[in-house]
Amino acid sequence: SHTPSPHIALIPSAGMGHLTPFLRLASLLLSRNCNVTLVTAKSTVSNAESDHISFFLTTHPRVKHLEFDVIPLHSSNPSAQDPFLIQYNAISRSAHLLHPLLSSSSPPLSAIFCDLLVAKSVARISADLRIPYYLVITTSARFLSFMLHLPVLVSNPDKFNSSIVQVEIPGLTPFSIASIPLPFLNPNHLLAASIIANVGVVPEAKGIMVNTFDWFEAETIAALNNGKVLSNLPPVIPIGPVQAYELQKDQSPYLLWLDDQPEKSVVYVSFGSRTAMSNDQIRELGYGLDKSGCRFLWVVKTTKVDKEDKAGLEELLGESFLERIENRGMVVKGWVNQDKILAHPATGGFISHCGWNSVTESAERGVPVLAWPLHGDQRVNAEVLQKAGLGIMEKTWGMGTERLVKHEEIGKKIVELMDDAELRNRAKKVGEEARKSTELGGSSDEAIMEIIEKLT
Ligand code: BUP
């Protein structure tokens, strides 16, 4: 007999960090014979998002696409400056508009998989239409624990303010205050407010899928699942690292350049799709890369949204810099295929802001990381990867320190990253464990199959 395939709606939030794992999951579900509807906001913040959505739909013609308008934010809130935060908030406030779209889906939906930032509206729709919903978490299980506790923390300002040393969450190793994003200490901040508004409905979800893997965050996942962190949570299900879908053959100059470099000799440098460093820090980083004597592939980003701005590299770094590094380094602006870079045999290290996708991608490829977290969940993520043996971090750099890091120290740390054979072996082991969990019969693979079977 023929069992009908489940039909799943996927609802991501804004920014590449949120969109990417949803597109990968969509591709995975298709390969497991599910019908998939992708639901996105009509306008995106970055070109990167709209380009990736169009490309994904072209290469996955079986996916249906629904778009919805977002209600613009009128706010004098000082945190309403960051275009991504504005969009998170707008999507969160507009998701109820999806009700008619989702209720008329054909074939009828079997489940909704959504981002935490739209959970509140989705929970209502899910209850009303009697369709189960699952959360898809795009950050670490450890940062998830922190977000789940945020309402409790902010209701107790005596224990949650910038003068405390650490934040305690039941069942978990305490968080140092330096790893907590300062905006979260203010419940009126747009991001904190959006999270607090949505975590209340988490217990109504059928499950919480996290783009992590059991081996990588075993203690945290166990604590979440045995009721230590919160007593009323649905199952927390590690399903990662969710893999990149096959892209076209890529002949980009930076990949051809990598082809010519010796094995594991290149340090790849990128701070993600929504973080720009100060010009002074970019300059020090450039000189630090030069000083290290290592080969490098450096993605420079001087603006928050997209990277195709024209601000000259020569102006920023000096003509002599670009001449000096000519045979040893490659500097790029614009979008690169990070997954291909990390998978390339010439890549031997990664200087990363530790956005969670970047962390899971280096885990999967077993590439050692020099963590340089800048904001948000990044420092918590950096601690996770450090603990798992995937990389190193200098605590006085980046988030929570507001210090200009000088090129001498940067150069030294890069050498440490690239020359440490033990670190390289540990990272390789992480890669093996990551791939074990996603291969047929691995923990993440089985978890996904179990969810699909329940929906069939
Ligand atoms: Br930039 C850039 N190419 O040039 P994160 C990013 N990526 O493939 P973020 C590229 O975008 P948040 C580029 O591989 C990863 O999958 C990268 O997500 C890819 O950081 C994704 O690493 C970026 O989570 O988002 O973008 O700062 O902080 O919201 O997690």
Q: Could you tell me whether Leu440 atom CG has more than 12 heavy atoms of other residues or ligands within 6.0 Å of it?
A: no
Q | Aromatic centroids of Phe146 and Phe184 separated by under 6.0 Å | A | yes
Q. Under a 4.5 Å cut-off applied to non-hydrogen side-chain atoms, are Pro373 and Met393 in contact?
A. yes
(Q) If we ignore hydrogens and angles and just use 3.5 Å, is the side chain of Asp420 paired with the main-chain N or O of Leu423 as donor and acceptor? (A) yes
Q.
Using modelled atom types and a 3.5 Å cut-off, is there a donor and acceptor pairing between side-chain atoms of Ser92 and backbone atoms of Leu117?
A. yes
Q) Which atom pair, heavy atoms only, marks the closest approach of Pro107 to Asn35? A) CG-ND2, 4.2 Å
Q.
Evaluate Ile237 against Val210 for side chain to side chain contact (heavy atoms under 4.5 Å, CB included), listing each step before the verdict.
A. CA-CA 6 Å; Ile237 313 162; Val210 190; over 6 Å; no
Q.
Within this structure, what is the CD-CG distance for the pair Glu67 and Leu98, rounded to the nearest 0.5 Å?
A. 11.5 Å
(Q) Working to the nearest 0.5 angstrom, can you tell me the gap between Ile86 CD1 and Tyr88 OH? (A) 12.0 Å
Q: Report yes or no: does Tyr254 contribute a side-chain atom to a donor-acceptor pair with the main-chain N or O of Asn337 at less than 3.5 Å?
A: yes
**Q.** Under 3.5 Å donor-acceptor, Gln378 side chain and Trp372 backbone
**A.** no
Q. Does a side-chain heavy-atom distance below 4.5 Å link Ser176 with Val165?
A. no
**Q.** Test item: Ser140 side-chain N/O and Phe143 main-chain N/O as donor-acceptor pair under 3.5 Å
**A.** yes
(Q) Are more than 12 heavy atoms, taken from residues, nucleotides or ligands other than Arg124, located less than 6.0 Å from that residue's CZ atom? (A) no
Q. Got a sec, which residues hit side chain to side chain donor-acceptor pair (under 3.5 Å) with Gln261, two or more places apart in sequence or on another chain?
A. Arg295
Q.
Is there a side chain to side chain contact (heavy atoms under 4.5 Å, CB included) between Trp335 and Met16? Walk through the geometry before answering.
A. CA-CA 11 Å; Trp335 193 262; Met16 285 306 289; 3.6 Å; yes
Q. Does a donor on one side chain sit under 3.5 Å from an acceptor on the other, for Thr37 and His7?
A. yes
(Q) Minimum heavy-atom separation for Ile341 and Thr347, please, with both atom names. (A) O-OG1, 2.7 Å
(Q) How close do Leu297 and Val332 get, counting heavy atoms only, and between which atoms? (A) CD1-CG2, 3.7 Å
(Q) Salt bridge or not between Arg426 and Glu422? Use side-chain N to carboxylate O under 4.0 Å. (A) yes
Q | Qualifying residue, where the test is side chain to side chain donor-acceptor pair (under 3.5 Å) with Thr139 and the options are Asn211, Asn357, Asp377 | A | Asp377
Q) Side-chain contact, heavy-atom cut-off 4.5 Å: Ile451 with Leu455? A) yes
**Q.** Distance, nearest 0.5 Å, that separates CG of Leu144 from CD1 of Ile137
**A.** 5.0 Å
Q. Parallel, tilted or perpendicular: which describes the rings of Tyr134 and Phe113, with under 30° parallel and over 60° perpendicular?
A. perpendicular
**Q.** From Ile221, Thr360, Val384, Thr220, residue fulfilling side-chain contact (heavy atoms from CB on, under 4.5 Å) relative to Thr212
**A.** Ile221
**Q.** Under 3.5 Å: donor-acceptor pair, side chain of Thr44, backbone of Ser46
**A.** yes
Q.
Between Thr438 and Phe213, is there a side-chain heavy-atom distance shorter than 4.5 Å?
A. no
Q. If you measure from CZ on Phe22 to OG on Ser13, what distance do you get to the nearest 0.5 Å?
A. 8.5 Å
(Q) I need the minimum non-hydrogen distance between Ala205 and Pro234, along with the two atoms involved. (A) O-CB, 3.2 Å
Q | Val45 side chain reached by Arg274 side chain, heavy atoms, under 4.5 Å | A | no
Q: List the steps and the verdict of salt bridge (charged side-chain N to carboxylate O under 4.0 Å, His left out) for Glu433 and Lys436.
A: CA-CA 5 Å; Glu433 293 294 338; Lys436 240 193 254 171; 3.3 Å; yes
Q.
Would you compute the distance between atom CG of Leu102 and atom CD1 of Ile131 and round it to the nearest 0.5 angstrom?
A. 7.0 Å
Q. Between the main-chain N or O of Cys354 and the side-chain N or O of Ser358, is there a donor-acceptor pair closer than 3.5 Å?
A. no
Q. When rounded to the nearest 0.5 angstrom, what is the spacing between CZ in Arg142 and CD in Glu219?
A. 9.0 Å
Q.
Quick one: does any side-chain atom of Ser5 pair with a main-chain N or O of Asn33 as donor and acceptor, under 3.5 Å?
A. yes
Q. Does a side-chain N-to-carboxylate-O contact under 4.0 Å join Asp445 and Arg32?
A. yes
Q.
So, using salt bridge (Lys or Arg N to Asp or Glu O under 4.0 Å) as the criterion, who are the partners of Glu450 when residues are at least two apart?
A. none
Q. Quick one: are Asp115 and Val136 in side-chain contact, heavy atoms under 4.5 Å?
A. no
Q: Locate the shortest heavy-atom distance separating Val415 from Ser292; write the atom from each residue and the value.
A: CG2-O, 3.6 Å
Q) Is the closest basic N to carboxylate O distance between Lys387 and Glu217 below 4.0 Å? A) no
Q. Can you pull the ring pair (Phe, Tyr, Trp, His ring centres under 6.0 Å) pairs that have at least one residue in residues 411-455, sequence neighbours excluded?
A. none
**Q.** ring pair (Phe, Tyr, Trp, His ring centres under 6.0 Å) partners of residues 417-447, not counting sequence neighbours, each pair once
**A.** none
Q | Between Ser126 and Glu204, a side-chain donor and acceptor under 3.5 Å | A | no
Q. For the residue pair Phe56 and Leu23, what are the closest heavy atoms and their distance?
A. CE1-O, 3.3 Å
Q: Mark yes or no for whether Ser444, through its side chain, and Gly240, through its backbone, hold a donor-acceptor pair below 3.5 Å.
A: yes
Q. Does NZ in Lys428 sit with more than 12 non-hydrogen atoms of other residues, nucleotides or ligands closer than 6.0 Å?
A. no
Q.
My understanding is that only residues two or more places apart in sequence, or in another chain, count here; which of them pass side chain to side chain donor-acceptor pair (under 3.5 Å) with Ser352?
A. none
Q) With a 4.5 Å heavy-atom cut-off, do Ile351 and Ile414 have their side chains touching? A) yes
Q. Taking Asn232 for the side chain and Pro203 for the main chain, is one N or O donor matched with an acceptor at less than 3.5 Å?
A. no
Q) Where does the angle between the aromatic ring planes of Phe216 and Trp356 fall among parallel (under 30°), tilted (30 to 60°) and perpendicular (over 60°)? A) tilted
Q: Take His344 and Asp259 through the side chain to side chain contact (heavy atoms under 4.5 Å, CB included) test and state the conclusion after the steps.
A: CA-CA 8 Å; His344 198 287; Asp259 288 343; 2.7 Å; yes
Q: In plain terms, say whether Glu416 and Lys413 are close enough for a salt bridge, that is, a side-chain N and a carboxylate O under 4.0 Å apart.
A: yes
(Q) Under the side chain to side chain donor-acceptor pair (under 3.5 Å) definition, can you give me all pairs with a residue in residues 19-28, not counting sequence neighbours? (A) Arg24-Glu361, Ser27-His60
**Q.** Student check: side-chain heavy atoms of Met399 and Pro181 closer than 4.5 Å
**A.** yes
